[in-house]
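Below is one structure, written out as structure tokens; the observations come after it.
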Amino acid sequence: MRVSNITPNSFTFTFLLRCFESFDALQCGEVLHSEILKLGFGSSVFAKNTLMDFYAKCGNLGLARKVFDEMPERDVVSWNTMIGAYTIHGNQEYAIFLFEAMPERNLVSWNSVIAGLLKAGNMELARSVFKRMPEKSDVSWNTMISGYVKLGDVENARAIFDEMPEKSIISWTAMVSGYAMRGDLQSARKMFDRMPEKNVVSWNAMIAGYVNNHMFDEALSVFQHMLIDGNYKPNQTTLISVLSACSHLGSQEHGKWVDSFIRKNKFDLSVPLGNALIDTFAKCGDMENAKAVFLRMGQRCIITWTTMISGLAVNGHCREAVELYGQMSLEVVEPDDVVFIAVLSACTHGGLLEEGKRVFYQMVNKFGIKPRIEHYGCMVDLLGRAGKFEEALSFIKSMHLEPNTVIWATLLSACKTYRNGELLESLTRRILEQEPNNPSYLTLIMNLSSSIGRWQDALNFRVATRDQGIVKTPGCSSIQIGNNVHEFLAKDTKHPQRKEIYRVLGCLNGHLKLCEVE
DNA sequence: GTAGGGTTAG
């Protein structure tokens with residue numbers, strides 16, 4: 001461990017602990033701990049505080065508490081660190097207990113305990129502790145504001161904000177995201193525009209606010225204003241939000257722009273940033289650039305693999321997606337339930353029945369992941385599309401979850417290809433029992449009935465749904481060409497170039513029919 | 001050079 005003759009001191013260790021913290025390297029921490037004890041640095045309160053914080057941030061409250069209990073003497077930071085640890089892990093009772101037991105308190109102690117109370121949803125007590133404070137700092141006020149905001153109580157947040165004598169950037173930003181969280185983008189924008197000064201985080205809050213409320217054009221426009229202003233430098237968070245907007249808009253141009261921005265400004269391609277970039281390119285159908293980013297990334301996490309696998313799947317590279325899963329198994333990445341949804345849906349889209357069965361088996365038996373209804377859905381889809389109705393039905397019987405309507409509707413869709421009228425009837429009955437008024441299912445049943453020649457059934461359904469006033473929310477797709485985003489609905493008649501579009505669609509359909517025959 | 005407040009990807 002030691003490579004030089006210089007003896008490490010307590011600062012060396014605390015610094016190392018800080019470094020390990022970012023990697024969640026609990027084991028390294030334990031090695032360091034024993035080293036600290038051996039060398040006799042354990043007596044320093046400073047070193048112990050850092051160690052305690054390290055254990056807490058690694059999620060091991062027990063070890064943190066052990067260090068705290070065994071300390072021969074403690075300062076106020078030791079107490080605050082332990083209170084903070086309990087707060088982060090939602091262990092509010094212990095936090096309060098320590099707070100009451102402290103020999104002396106400073107502002108941080110009060111603020112931590114208030115933050116914890118708000119996190120636990122205990123507004124009454126938080127407010128009364130806040131009132132009891134001998135003196136307040138801006139952090140105390142901001143803790144109250146952000147606490148209320150996180151609970152979705154913007155009115156009380158605003159009341160504290162208005163009462164606050166000297167508001168800081170943080171107070172304003174908290175209010176911006178508070179209004180945004182509630183979907184009130186007008187008030188959020190008003191706050192944002194009225195801010196006496198801004199920083200990157202405030203811009204980020206505004207951009208993320210628009211993105212979270214699906215106002216992607218507005219998000220990009222705020223980002224543009226930020227660049228035009230020239231006083232602020234976007235950071236990783238900014239770019240991740242902007243990329244999220246790009247991916248929802250399918251805006252390849254913006255995605256490429258962010259990619260080159262990252263290169264030009266020598267941004268570190270961090271895991272979350274790389275993930276967002278991959279997602280954007282994949283949603284734009286640009287798998288070449290997605291792959292390039294994937295390969296450029298120095299580190300990857302499970303989200304990276306999931307994004308890449310599902311990107312390949314939705315763009316039709318289903319085999320490649322399954323192969324990538326194989327590659328993932330070779331690395332030290334622990335798969336989770338979400339990545340298996342991506343892999344299984346790749347199998348479904350590609351009709352890869354055997355691979356799908358194998359992957360499902362591995363998920364359950366090798367990785368011990370309990371299937372969710374989505375996993376079951378993929379398997380039913382896979383079996384149904386392969387025409388294995390018997391197997392699908394017995395698979396559904398073997399599920400440890402109650403089959404929902406989605407499962408039945410998935411199987412139902414498969415009846416179209418195989419013209420299985422009998423199954424269609426029994427599935428229809430089941431679905432209508434469970435969800436008689438869901439317009440999506442009614443439309444599905446109607447279309448299926450007519451597609452296999454049961455015109456009378458289809459007609460009956462249409463009349464029944466119309467009489468009941470059931471209207472299906474139309475699905476909408478969009479594409480960006482140049483700077484314009486074009487939106488399309490089913491049977492759309494509004495687009496200026498509709499004639500050409502329908503002509504091309506007709507052509508495509510013809511080609512597809514030919515493929516089917518072959 | 002240890003503790004508390006605003007922004008982030010499947």
Side-chain angles (χ1 to χ4, degrees), chain A residues 9-15 17-18 21 44-54 56-57 74-85 87-88 95 105-116 118 137-147 149-150 157 164 167-178 180-181 191 195 198-209 211-212 234-244 247 270-280 282-283 300-311 336-342:
Chain A
N9 59 16
S10 104
F11 173 66
T12 321
F13 285 112
T14 50
F15 178 74
L17 282 173
R18 302 263 98 205
E21 211 166 74
S44 141
V45 175
F46 177 70
K48 288 248 179 194
N49 289 347
T50 314
L51 184 68
M52 190 164 54
D53 193 43
F54 170 79
K57 294 221 168 95
R74 304 180 186 104
D75 61 9
V76 66
V77 180
S78 325
W79 289 88
N80 288 345
T81 306
M82 205 55 231
I83 291 177
T87 303
I88 289 175
R105 302 177 187 106
N106 64 8
L107 268 170
V108 180
S109 333
W110 288 88
N111 294 338
S112 302
V113 106
I114 291 175
L118 285 165
S137 67
D138 58 337
V139 180
S140 326
W141 291 91
N142 292 335
T143 304
M144 287 299 288
I145 294 174
S146 72
V149 161
K150 278 177 198 147
M164 190 173 174
K167 305 159 190 29
S168 69
I169 296 193
I170 294 186
S171 337
W172 286 90
T173 309
M175 286 310 302
V176 169
S177 60
M181 252 180 70
M191 272 280 163
M195 284 178 78
K198 298 181 176 73
N199 63 13
V200 207
V201 183
S202 5
W203 285 94
N204 292 349
M206 196 63 242
I207 295 171
V211 171
N212 292 332
N235 62 14
Q236 304 230 9
T237 312
T238 325
L239 296 182
I240 289 169
S241 291
V242 168
L243 283 171
S244 174
S247 80
S270 69
V271 176
L273 189 53
N275 294 346
L277 258 178
I278 294 177
D279 187 47
T280 307
K283 292 254 167 64
R300 301 181 187 117
C301 72
I302 189 64
I303 297 180
T304 323
W305 293 91
T306 311
T307 313
M308 197 62 204
I309 290 172
S310 69
D336 64 6
D337 51 339
V338 189
V339 76
F340 278 107
I341 296 176

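Letters A, B, ... are given to chains in the order of the sequence lines, protein chains preceding strands, and every chain is numbered from 1. Just the heavy atoms: all of them, side chains too, but no hydrogens, waters or symmetry mates, feed the values below.
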Quick one: which of [options] gets closest to the side chain of [X]?
| X | options | value |
| --- | --- | --- |
| Asn80(A) | dG6(B), dA3(B), dA9(B) | dA3(B) |
| Ile169(A) | dG4(B), dG6(B), dT2(B) | dG6(B) |
| Phe46(A) | dG1(B), dG4(B), dG5(B) | dG1(B) |
| Asn106(A) | dT2(B), dT8(B), dA3(B) | dA3(B) |
| Ala174(A) | dA3(B), dG6(B), dG5(B) | dG6(B) |
| Val338(A) | dA9(B), dG4(B), dG10(B) | dG10(B) |

Output yes when a side-chain donor or acceptor of [X] lies under 3.5 Å from a complementary backbone atom of [Y], and no otherwise.
| X | Y | result |
| --- | --- | --- |
| Asn142(A) | Asp138(A) | yes |
| Asn275(A) | Ile278(A) | no |
| Asn212(A) | Ala208(A) | yes |

Does [X] get its side chain close enough to the base of [N], under 3.5 Å, for a donor-acceptor pair?
| X | N | result |
| --- | --- | --- |
| Asn111(A) | dA3(B) | no |
| Asn204(A) | dG6(B) | no |
| Thr50(A) | dG1(B) | no |

So what does [X] touch, heavy atoms closer than 4.0 Å: a base, only the sugar-phosphate, or nothing?
| X | answer |
| --- | --- |
| Ser247(A) | nothing |
| Leu243(A) | nothing |
| Ser168(A) | base |
| Ala208(A) | sugar-phosphate |
| Val339(A) | base |
| Asp337(A) | nothing |

Compute whether any side-chain donor of one residue and acceptor of the other, for [X] and [Y], lie under 3.5 angstrom apart.
| X | Y | value |
| --- | --- | --- |
| Ser78(A) | Asn49(A) | yes |
| Asn111(A) | Ser140(A) | yes |
| Asp53(A) | Thr50(A) | no |

Rounded to the Å, how far apart are [X] [atom1] and [N] [atom2]?
| X | N | atom1 | atom2 | answer |
| --- | --- | --- | --- | --- |
| Met181(A) | dT7(B) | CE | P | 9 Å |
| Met195(A) | dG6(B) | CE | C1' | 9 Å |
| Arg105(A) | dA3(B) | CZ | C1' | 16 Å |
| Ile114(A) | dG4(B) | CD1 | P | 15 Å |
| Leu239(A) | dT8(B) | CG | P | 14 Å |
| Ile88(A) | dG4(B) | CD1 | C1' | 10 Å |
| Ile207(A) | dT8(B) | CD1 | C1' | 12 Å |
| Trp172(A) | dG6(B) | CH2 | P | 18 Å |

May I ask you to verify if any side-chain N or O of [X] is less than 4.0 angstrom from the OP1 or OP2 atom of [N]?
| X | N | answer |
| --- | --- | --- |
| Lys150(A) | dG5(B) | no |
| Lys283(A) | dG10(B) | no |
| Asn199(A) | dT7(B) | no |

| said: Show, in sequence, the C-alpha distance, side-chain angles and deciding distance for Ser244(A) and Ser241(A), and conclude whether the side-chain hydrogen bond (donor to acceptor under 3.5 Å, both in side chains) test is met. | reply: CA-CA 5 Å; Ser244(A) 174; Ser241(A) 291; over 6 Å; no
Exercise for review: Could you list the residues that satisfy salt bridge (Lys or Arg N to Asp or Glu O under 4.0 Å) with Asp337(A), not counting sequence neighbours?
Suggested key: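 If we apply the salt bridge (Lys or Arg N to Asp or Glu O under 4.0 Å) test to Asp337(A), skipping adjacent residues, the hits are Arg372(A).
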Can you sort out which residues in residues 301-311 of chain A have a heavy atom within less than 4.0 Å of DNA chain B? Ascending by number, please.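 Heavy-atom cutoff 4.0 Å gives Ile302(A), Ile303(A), Thr306(A), Thr307(A).
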| request: With sequence neighbours excluded, tell me which residues meet ring-ring contact (aromatic ring centres under 6.0 Å, His included) with Trp141(A). | output: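 Applying ring-ring contact (aromatic ring centres under 6.0 Å, His included) to Trp141(A) gives Phe130(A).
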